[in-house]
Structure formats: structure tokens, C-alpha cells
Amino acid sequence: MKKTFFLAAGLLFSVSTQAQILDIIKSTVKNQTGVDLNNPVKTKTTTNTTTTSTNTQSSATNINSLSSTQISSGLKEALTLGVTEGVKKLGVTDGFLKNEAVKILMPEKLRIIDTKLRAFGLGSLADQGVKLLNRAAEDAVTESAPIFTKAITSMTITDAKNILLGGNNSATNYLQSKTQGQLFTAFQPKVKASLGKVGADKVWNNLISKYNTLTGNAVSTDLNEYVTNETINGVFKMVAEKERGIRNNSVMRTTSILQKVFGAQDRK
């Protein structure tokens, strides 16, 4: 009986001692790490969800949300920039003459003159004639910017969205088709003055006179009309180049309206 009592007492003492030791361990862990072993933290299963954020910018406008007025404003601004930069490049010495894209050549109906004069050793006179046609254009074009700008601002774009979604030169082609006549009428006097200013009219009178004398023919041409058309066409080529750049290169969209309208065009 005593043996049983002592065995039971020993077990109780052993359990008590283990409990005390466990309490000491728990207390030490809590003090050192802040972790309460009596209240273990449940591990939460977290699901990592990758969220792709989309930066919404004004240039990310959907084309369907743009009004015809907004599109028209963007197109007109692109054209105005094209005119401004084009006139600046063309209105300097050799702006036409050294630019193969816009260089004014001998009028087609008078190119036989070039051939004949060179055959008679008068190639330098023919070269001078072509040079002065380009000099007249370079001089006249410096005054063309306001004429082009007026044509652009007064232009009514009836189907702005179709023009925006058209080819690289759609706005330029539209402008040219709608304003060529009025531009010619307004610009022709300036070209006439420039032909006289650079001496092109005198050189060409001499050139044609020599040709007629040498060949017995009688040719003439309206240089004013020819140079006016060629100068206008040269400016439109520069405008088309600018439009193409704005359409295809976002870096060239230097204003908010260009970014919005042509950014929408990118997402057509």
C-alpha cells in the first residue's frame, strides 16, 4: 500500500515538475521573442494576386469617345505645324534648289529648250534659269505661312474621323483638294514679285529669246503660274511629311491635342 502511495506521489511530482519546466520555457520564449506558445498564431494561406495596373493617360483615349470637333482640331494643328516647319525649311537659300523632293525643274513644255541650249554650249544659261526659279520660290514662300494658316483654320472637315483613320497624308491631301484654288489666287502675286526680285523673269526672257533665235521656233510659258503651283506643291510635300511623322511617331506629338487625337488613331 505504501509502495503504491509513493509511486503515485512520484508520478504527481514528476508531472508537476514537467508542467513547471514547460511554463518556464513558454515564459522565456514569450519574453525573448514575443511569441505566446499558449496562443499559437494560425498560419494564413495567402493567395498572391497579380494585378496589372493600367495607366490611363489622356493620349489613351478611345477614338469613339472623340468628337468631330476634337479630331478636327488635332488634324488642323498637325497641318499648321507642317506649314510652319515646312516654310521655315523652304524659305532659305537652297531650301528648294537643294531639296530633291521639291526642287523646281524646267517647265515640261520648255525642257526641249534645256536640251537645245546645252547642245549649243549654253548649259550654264539653262542652269541659271532653273536656279532662279527656285530662288523665286524660296523668296516667295517666306510670306506664304499666313495664307496657308488661314486656309487651314477656315477649313471645314466634314468627316474628320475618316480623314484621321485614312492614309499617312489624308489630312494634307484633303487640305490641298479644298484650298489649292484659293491658295493660288492669294499666293500668285507674291511669286510674281519674287520672280522680278531675283531677276528670274529677265533671265528667262533672255533664255527663251536665245532658243527661239537658234531654232527658229516661238515658245513661251507663264512662269508665274508655273512657279506658283510648284511652290504650293512644295509646301504641301513638307506638310505631308510632318503629318506622316506625327501619325507614326508619338515623340512628334508635342501638344495635348495631338497626343489625344493621334494616340486614339494608334488604337483604331
Side-chain angles (χ1 to χ4, degrees), residues 79-152 172 175-176 179-215 217-242:
L79 293 171
T80 300
L81 282 174
V83 166
T84 302
E85 293 185 14
V87 168
K88 185 177 180 180
K89 291 178 181 178
L90 296 176
V92 296
T93 300
D94 292 334
F96 272 88
L97 187 63
K98 294 295 178 67
N99 184 338
E100 292 301 322
V102 298
K103 180 180 179 179
I104 299 175
L105 304 176
M106 186 88 66
E108 186 173 358
K109 64 184 291 187
L110 299 183
R111 285 177 192 170
I112 189 174
I113 294 179
D114 182 88
T115 302
K116 291 294 184 182
L117 289 178
R118 293 185 190 283
F120 285 110
L122 297 174
S124 61
L125 181 59
D127 290 338
Q128 181 70 358
V130 171
K131 178 180 178 181
L132 290 180
L133 292 183
N134 286 275
R135 288 288 181 263
E138 291 159 6
D139 181 72
V141 79
T142 58
E143 298 184 51
S144 70
I147 298 173
F148 276 89
T149 300
K150 182 179 179 181
I152 291 169
T172 304
L175 174 64
Q176 188 167 10
T179 63
Q180 181 87 23
Q182 70 184 69
L183 286 170
F184 181 91
T185 300
F187 195 44
Q188 189 176 33
K190 298 185 182 300
V191 172
K192 183 177 182 179
S194 292
L195 286 168
K197 180 179 177 180
V198 303
D201 51 356
K202 293 180 180 179
V203 168
W204 270 86
N205 285 335
N206 182 35
L207 188 152
I208 292 174
S209 176
K210 282 188 178 299
Y211 171 79
N212 289 341
T213 299
L214 291 169
T215 63
N217 295 324
V219 300
S220 63
T221 189
D222 187 343
L223 286 180
N224 189 16
E225 178 181 350
Y226 175 69
V227 175
T228 298
N229 279 323
E230 289 299 295
T231 305
I232 291 173
N233 290 339
V235 174
F236 275 124
K237 285 180 181 178
M238 302 302 286
V239 175
E241 181 180 299
K242 184 66 176 181

If I take atom CD from residue E85 and atom CG from residue L81, how far apart are they, to the nearest 0.5 angstrom? 6.0 Å

Where is the tightest heavy-atom contact between L207 and A126, given as atom of each residue plus distance? CD1-CA, 3.9 Å

Does V83 reach the side chain of K242, with side-chain heavy atoms less than 4.5 Å apart? no

Out of curiosity, E100 CD to L105 CG, how far, rounded to the nearest 0.5 Å? 8.0 Å

Tightest non-hydrogen contact, residues W204 and P107, listed as CH2-CD, 3.7 Å

I need the D114 CG to R111 CZ distance, nearest 0.5 Å. 9.0 Å

Are F187 and V235 packed together at the side-chain level, in the sense that at least one heavy-atom pair is separated by less than 4.5 angstrom? no

Between T172 and L79, is a side chain to side chain contact (heavy atoms under 4.5 Å, CB included) present by the stated rule, with each step listed? CA-CA 7 Å; T172 304; L79 293 171; 3.7 Å; yes

Side chain to side chain, L133 and F96, heavy atoms closer than 4.5 Å: no

How long is the straight-line distance from CE of M106 back to CD1 of I113, given to the nearest 0.5 Å? 6.5 Å

Check step by step if side chain to side chain contact (heavy atoms under 4.5 Å, CB included) holds for K190 and I147. CA-CA 11 Å; K190 298 185 182 300; I147 298 173; 3.7 Å; yes

Roughly how far, to the nearest 0.5 Å, is OG1 of T228 from NZ of K192? 10.5 Å

Do K131 and D127 pass the side chain to side chain contact (heavy atoms under 4.5 Å, CB included) test, and can you show the C-alpha distance, the side-chain angles, and the key distance before you say yes or no? CA-CA 6 Å; K131 178 180 178 181; D127 290 338; over 6 Å; no

What is the minimum heavy-atom distance between N212 and A218, and which atoms define it? OD1-CA, 3.5 Å

Quick one: are T231 and L90 in side-chain contact, heavy atoms under 4.5 Å? no

Backbone N or O of D139 within a donor-acceptor pair of the T142 side chain at under 3.5 Å? yes

Over all atoms of both residues, closest heavy-atom pair of V102 and G95: CG2-O, 4.0 Å

For S194 and A136 the tightest heavy-atom approach is CB-O, 3.3 Å

Considering only heavy atoms from C-beta outward, does the side chain of L122 approach that of L214 to under 4.5 Å? yes

Measure the CG-CG distance between D201 and L223 for me, rounded to the nearest 0.5 Å. 8.5 Å

Under the criterion side chain to side chain contact (heavy atoms under 4.5 Å, CB included), I'd like the reasoning laid out for L110 against I208: C-alpha separation, chi angles, the key distance, then a yes or no. CA-CA 9 Å; L110 299 183; I208 292 174; 4.3 Å; yes

Check whether any side-chain heavy atom of F236 lies under 4.5 Å from a side-chain heavy atom of T179, and answer yes or no. yes

Does any part of the side chain of K98, heavy atoms only, come nearer than 4.5 Å to the side chain of T93, both counted from C-beta? no

Using only atom types and a distance under 3.5 Å, with no angle test, would you say the side chain of E138 pairs donor to acceptor with the backbone of D94? yes

